[in-house]
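This report refers to the structure that appears directly beneath it.
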There are 2 protein chains.
Amino acid sequence: MLSKTCEYAIKATLYLAQKAHQSERANVKTIAKAIDSPDAFTAKVLQQLVKHGIVTSVKGTNGGFFIEPQTLPNLTLLQIVVAIEGDGLVKDCVLGLKNCSNVNPCPMHDKYAPIRDNILNMLQSLLVNDLATQLEQNMIFLKSK
Amino acid sequence: MLSKTCEYAIKATLYLAQKAHQSERANVKTIAKAIDSPDAFTAKVLQQLVKHGIVTSVKGTNGGFFIEPQTLPNLTLLQIVVAIEGDGLVKDCVLGLKNCSNVNPCPMHDKYAPIRDNILNMLQSLLVNDLATQLEQNMIFLKSK
DNA sequence: GTTAATTAGGATAAAAATGTCTTATTTTGT
DNA sequence: ACAAAATAAGACATTTTTATCCTAATTAAC
C-alpha cells in the first residue's frame with residue numbers, strides 16, 4: 001500500500017509535529033529511535049521532506065529538523081504521501097490500465113473507484129496537527145511496544 | 001497497491017475465465033498478448049497460479065492453461081490476490097505497526113481500518129466468473145487500447 | 001518414431017526499493 | 001581559533017521485484 005519510505009516520512013513528520021507543539025526540534029537519531037526506523041535511511045527520507053518544504057533543517061551542534069509554525073496548521077497526510085510517492089495511489093488504475101475510466105473501465109474499476117476516493121478523502125482529512133495532539137494524549141502510537 | 005505480479009495474475013485468470021466459457025484453453029503467448037504483459041514473466045505468474053490450484057496447465061502441442069469448470073463458479077479476486085501476495089493487503093497496518101489495533105492504533109488506524117475492510121469486501125465480492133461475462137460483453141477491459 | 005509445440009524449472013539479468021557509509025559543510029560551544 | 005555535533009550529498013551495498021533466457025520434460029500431430 002504505502003512504501004517504507006512513505007511510512008517513515010509520515011511517522012517522522014508526526015513526531016516532529018509533536019515536538020513543534022513544544023517549539024522543539026529533533027535530530028535524525030532521536031527521530032529514528034522514536035519511529036523505529038533505520039538511522040541512515042531515515043536521514044534520506046528527512047532530506048526529501050526538507051526538499052518538499054514539509055520540514056526544515058538546521059545544521060550544526062544542536063541542529064536537527066522541525067516543522068515551521070506556519071506550515072503545521074494545514075499540513076495533511078496527503079501532502080506527505082504525494083511528496084514522497086506522487087499521486088498514483090489516489091489516481092491510478094488498480095490494475096495499471098493507462099486509460100481506465102467510467103467509460104473504459106478495468107474489471108475492478110466500478111468497485112475500486114469509490115475506495116480510491118475514500119483513500120484520497122482519508123489522506124486529505126488527516127491533519128498532521130490533530131494527530132500530533134492525539135499522540136501527546138497517547139491515543140495513537142508511532143511504533144510497536 | 002497491487003504488485004505487477006498480482007495485476008498480471010488477475011488479468012490472466014480473467015482472460016482464462018473468458019476462454020473457459022467456451023471450454024477453451026490458451027497458451028502463454030496468447031495470454032500475454034491479451035493482457036499486455038511480458039511473455040516470460042507471465043509464464044512465471046501462471047506457474048504460481050497453477051501451484052495454487054487456480055488454473056491448470058497442459059504441456060505439449062496444443063497445450064496451455066485453463067480453469068477447471070468446478071473452480072470457476074466460486075473463484076474470487078481475493079483468492080488470486082492472497083495466492084500471489086498473501087493477506088497483507090487486507091490485514092496489515094497501513095503504517096507497518098506489528099500490533100496495530102483498535103486498542104493500540106497507529107495514527108491512521110481509525111480512518112484506514114474501514115477502508116481496508118472495504119478492500120477485503122470488494123475482493124471477496126468480485127467473482128471471476130461474473131467478470132468474465134462482463135468481458136465478453138465488452139463492458140470491461142483487460143488492457144488499454 | 002520423429003518432430004514440433006508447449007509448460008516447468010533453474011539460472012541469470014536488470015531495475016527499483018531499501019539501507020549503509022564516508023566525506024563535506026555548517027553551526028554551536030568552548 | 002578549535003573541536004564537536006549535526007545535516008547534505010554522493011557513493012556504495014543489499015534485497016526485492018520485475019523480467020529474460022536456456023534446457024528439460026511432456027504431449028500431440030504427422
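Chain letters run A, B, ... following the sequence lines, proteins first, then strands; residues in each count from 1.
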Rounding to an integer number of Å, can you tell me how far [X] [atom1] sits from [N] [atom2]?
| X | N | atom1 | atom2 | answer |
| --- | --- | --- | --- | --- |
| B/L2 | D/dT18 | CG | P | 11 Å |
| A/N27 | C/dT27 | CG | C1' | 14 Å |
| B/K29 | C/dA4 | NZ | C1' | 13 Å |
| A/Q48 | D/dA9 | CD | C1' | 13 Å |
| B/L49 | C/dG9 | CG | P | 14 Å |
| B/E24 | C/dT6 | CD | C1' | 17 Å |
| B/I35 | D/dA19 | CD1 | P | 11 Å |
| B/I84 | D/dT17 | CD1 | C1' | 13 Å |

Under 3.5 Å, is there an N or O donor on one side and an acceptor on the other linking the side chain of B/K44 and the base of C/dG9?
yes

Contacts of A/D39 and A/K59 projected onto DNA chain C by closest heavy atom; the upstream (5') one is A/D39

Let me spell it out: for each of A/F41 and B/K51, pick the nucleotide of DNA chain C with the closest heavy atom. Which residue's pick is nearer the 5' end?
B/K51

Is there a side-chain contact between [X] and [Y] in this structure, where contact means two heavy atoms from C-beta onward sitting under 4.5 Å apart?
| X | Y | result |
| --- | --- | --- |
| B/L123 | B/I80 | no |
| B/L77 | B/L131 | yes |
| B/L97 | B/H109 | no |

Tell me which nucleotide among C/dA8, D/dA6, D/dT27 gets nearest to the side chain of B/T61.
D/dT27

Give a yes/no answer on whether the side chain of B/Y8 brings an N or O atom under 4.0 Å of OP1 or OP2 in D/dA19.
yes

Any side-chain N or O of B/T5 below 4.0 angstrom from OP1/OP2 of D/dT18?
yes

Pairwise 5' ranking along DNA chain D for A/Q47 and A/N62, keeping only the more 5' one
A/N62

Could you pick out which residue, A/S57 or B/C6, lies toward the 5' side of DNA chain D when each is mapped onto its nearest nucleotide?
A/S57

Donor-acceptor pair, side chain of A/K11 and main chain of B/L95, under 3.5 angstrom
yes

Is it true that A/Q124 and A/T76 share a donor-acceptor pair across their side chains at a distance under 3.5 Å?
no

